[in-house]
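Written below as structure tokens is the structure these notes are about.
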Number of protein chains: 2
Amino acid sequence: MIIDDLTIPIVLAPMAGGPSTPELTAAVTRAGGFGFLAAGYLSAADTAARIAATRSATDAPFGVNLFVPGPATPAAEFADYLTELARDNEVGTAKYDTDDWDAKLDLLVADPVAAVSCTFGCPTAAEIARLHDAGSEVWVTVTSPAEAAIAVERGADVLVAQGAEAGGHRATFVDRVADDATDPLGLIALLQLLRAATDRPIVATGGLSTGAGIAAALAAGAAAAQLGTVFLRCPEAGTNPVHRAALTASTPTMLTRAFTGRRARGLRNEFMAEHTATAPVAYPEIHYATAPLRAAARSAGNPDKVNLWAGQTHTLAPELPAGELVRTLAAETKTALNAALSRRIQDC
Amino acid sequence: MIIDDLTIPIVLAPMAGGPSTPELTAAVTRAGGFGFLAAGYLSAADTAARIAATRSATDAPFGVNLFVPGPATPAAEFADYLTELARDNEVGTAKYDTDDWDAKLDLLVADPVAAVSCTFGCPTAAEIARLHDAGSEVWVTVTSPAEAAIAVERGADVLVAQGAEAGGHRATFVDRVADDATDPLGLIALLQLLRAATDRPIVATGGLSTGAGIAAALAAGAAAAQLGTVFLRCPEAGTNPVHRAALTASTPTMLTRAFTGRRARGLRNEFMAEHTATAPVAYPEIHYATAPLRAAARSAGNPDKVNLWAGQTHTLAPELPAGELVRTLAAETKTALNAALSRRIQDC
């Protein structure tokens, strides 16, 4: 297993839509962590180009993350929302696609990477078997014991346990408004529930930005920790300047479907405040509809209409080269575990 | 400090409204943990009686938890909600009180316990000083770095960091509907943010039901872990039978103001589903208004109108005597920390 061979139990989260770059993946990998490259929002051809660029920067193994496609949403279910958005914004065409799923799967079977991780759902048992036959580990991101049970049953090698604290999209297999009242499980709660249900290796993610946070994930039974937000300010990350600048303020985060039609956590801004209550479940349709207004706001340097994805500990993200950050976090992790173990606990 | 002297880094959460009993507090204390006795909802006289009962069951130090009173809510702000409730329920008088705050403070100054912990707000600096002069430590429950800064500034000795995962009432100093969109910080996120802001000792609480969870809290920099839900099925707990039975099902939890007018986490049931959207901020007025209907449902064994407070890992609560549970959790904690530390981490 990849995580058994890592000398530093840190995994770079994929972070599709800009922040993920071959340079960032390679830098984390070279420092002793394991890097994922995001393939979400990319065609199979662009994915192949980024894999090649990563390979030219490191000989070490790395992974690729895919979005598992869900069903299309009937236009009637988001027509009102488009009308609402169009009042104050230039709105794009709300189209459906599978994010080039079949072609990306073919690519990864023909030219495998060490690990393929998935989010937004679980591949079928047959798809997982194809990736296994190609020599790849399959990691499936889960947010509940019920999702973990599906992933284990279909043959996932590793469960990436995403806590409520995580920035960006919730990895939930099916996004439902009815589930919003039952708010997502916090990371330590999720890890305890998963550890009671399965012995499959777990990589913990969500709100981890310090060595103490990583140590907590390991103590709760994770084999490694996956971090995203903490890398957003690294020079190697493709984080846009508006996003980069916003991260340092102590702005609270919130969950919203306003930008993409799928629940995601980001820094609270005007667009989220105005549209979260009415935004429907309609991914990727709403993602495409809001793309032009987000692009315009990024160009104008206006953070109020940009999706500023961030986890709950975003203020702790330092401006450091990724390799240095990985080494600092690893040293902090050791220190935190040793400090915890130095606590006198009566022999029971 | 109390937490430095504990041989087991486990604190019993107070759990007002039934589950807290002198027997439970004494059992946890005798096993080497630190027990809190809930004084919320009790008069000063009843609090004195429970302190006496606890002292007759153990010579070891224990603590008392108080609800810090907030302001009264004008009746106009909850009149519609009372009308809504009265359609299908017998509703009680929506009255305001301070939960006998002044008298309980006088009691604890005259006849001090080892620690006074507070929830729903922070005592004034003068009130904290009175408790200090009486020889008590003052622990203040916080849910954000901003609340922690207030508690530290006023002289709190220990911060009880309550994560989003916690069962029962949110300890937030001021409950505001406007803050609901910015969902509460998960425990590990909160611990990382607090550790970056203060070196005051922290006791972690929220969704911790296993030794691995306690180990995670310690690894994240907490001095001890406070657990509540995991003790609800102990024979010494005063948990009512409806609540006790409901805990074993994998019912999801949610946050609601429907029962008390203050946000709290419990097992989802009919009453929560029907009334969460309209319930106002009005504590303790709504607590009193719903008291008769909750009492009737408890008597009738009907879980659909009872406040089934529970944290996100409620399914992991075992039916064990409290002392045995404390010893089991302590042993698991050691095992989890040793396992995490056995992970090879490159020297950086």
Side-chain angles (χ1 to χ4, degrees), chain A residues 7-9 32 145 163-165 179 181-183 185-193 195-196 206-210 212-213 215-221 223 250 252-255 268 272-273 276 311-313 315-316 327-328 330-331 333-334 336-341 343-348, chain B residues 7-9 32 145 163-165 179 181-183 185-193 195-196 206-210 212-213 215-221 223 250 252-255 268 272-273 276 311-313 315-316 327-328 330-331 333-334 336-341 343-348:
Chain A
T7 53
I8 289 184
E165 305 89 339
D179 294 336
T182 308
D183 47 18
L185 293 166
L187 180 57
I188 295 303
L190 178 59
L191 292 173
Q192 291 172 91
L193 293 169
R195 268 295 67 117
L208 303 176
S209 289
T210 65
L218 299 179
S250 64
T253 67
M254 63 181 277
L255 291 166
R268 190 165 60 185
M272 285 164 107
T276 296
Q312 287 186 336
T313 55
T315 51
L316 303 178
R327 286 185 290 270
T328 302
T333 303
K334 266 190 163 171
L337 285 172
N338 279 309
L341 204 64
R343 179 152 199 344
R344 187 167 54 104
I345 304 179
Q346 178 185 308
D347 281 304
C348 298
Chain B
T7 53
I8 289 184
E165 304 89 338
D179 295 336
T182 309
D183 46 19
L185 293 166
L187 180 57
I188 295 303
L190 178 59
L191 291 173
Q192 292 172 89
L193 293 169
R195 268 293 69 112
L208 303 175
S209 289
T210 65
L218 299 179
S250 64
T253 67
M254 63 180 279
L255 291 167
R268 191 164 61 185
M272 284 164 106
T276 295
Q312 287 186 334
T313 56
T315 51
L316 304 177
R327 286 185 291 271
T328 302
T333 303
K334 265 190 164 173
L337 286 172
N338 279 309
L341 204 65
R343 179 149 198 346
R344 188 169 51 106
I345 304 179
Q346 180 184 306
D347 281 305
C348 298

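All chains are named by letter (A, B, ...) in the order of the sequence lines, taking the proteins before the strands, and each is independently numbered beginning at 1.
- For A/A164, no part sits under 4.5 Å from any heavy atom of chain B, backbone or side chain.
- Counting heavy-atom pairs closer than 4.5 Å to chain B, the top-ranked of the candidates A/P145, A/G163, A/A212, A/G311 is A/A212.
- Atom NZ of A/K334 sits about 6.5 Å away from atom CD1 of B/I345, to the nearest 0.5 Å.
- Ranked by heavy-atom pairs under 4.5 Å with chain A, the first of B/P9, B/G206, B/A336, B/A215 is B/P9.
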Exercise. Could you please spell out the steps behind the side-chain contact (heavy atoms from CB on, under 4.5 Å) verdict for A/L193 and A/L185?
Key: CA-CA 10 Å; A/L193 293 169; A/L185 293 166; 3.9 Å; yes

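- Atom-to-atom distance recorded for A/N338:CG and A/R343:CZ is 16.0 Å, nearest 0.5 angstrom.
- For B/A189, the side chain to side chain contact (heavy atoms under 4.5 Å, CB included) test picks out A/E165, A/Q312, A/T313, with sequence neighbours left out.
- With a threshold of 4.5 angstrom between heavy atoms, B/L190 does not approach chain A through any atom at all.
- Note on A/L337, A/L191, A/L218: by heavy-atom pairs under 4.5 Å with chain B, the leading option is A/L337.
- Comparing B/A339, B/G221, B/S209 by how many heavy-atom pairs each has under 4.5 Å with chain A, the most go to B/S209.
- Residue contact with chain A, scored on non-hydrogen atoms closer than 4.5 Å, involves the side chain of B/L316 exclusively.
- Contacts between A/T276 and chain B at a heavy-atom distance below 4.5 Å are absent for every atom of the residue.
- In this structure, chain B has heavy atoms under 4.5 Å from both the backbone and the side chain of A/L255.
- Interatomic distance, CG of B/L187 versus CG of A/L187, reported as 10.0 Å (0.5 Å rounding).
- Of the two parts of B/A273, neither the backbone nor the side chain holds a non-hydrogen atom closer than 4.5 Å to a non-hydrogen atom of chain A.
- A search for side chain to side chain donor-acceptor pair (under 3.5 Å) contacts involving B/R268 returns A/T182, not counting sequence neighbours.
- Here the CD1 atom belonging to A/I188 is positioned 4.0 Å from the CD1 atom belonging to B/I188, to the nearest 0.5 angstrom.
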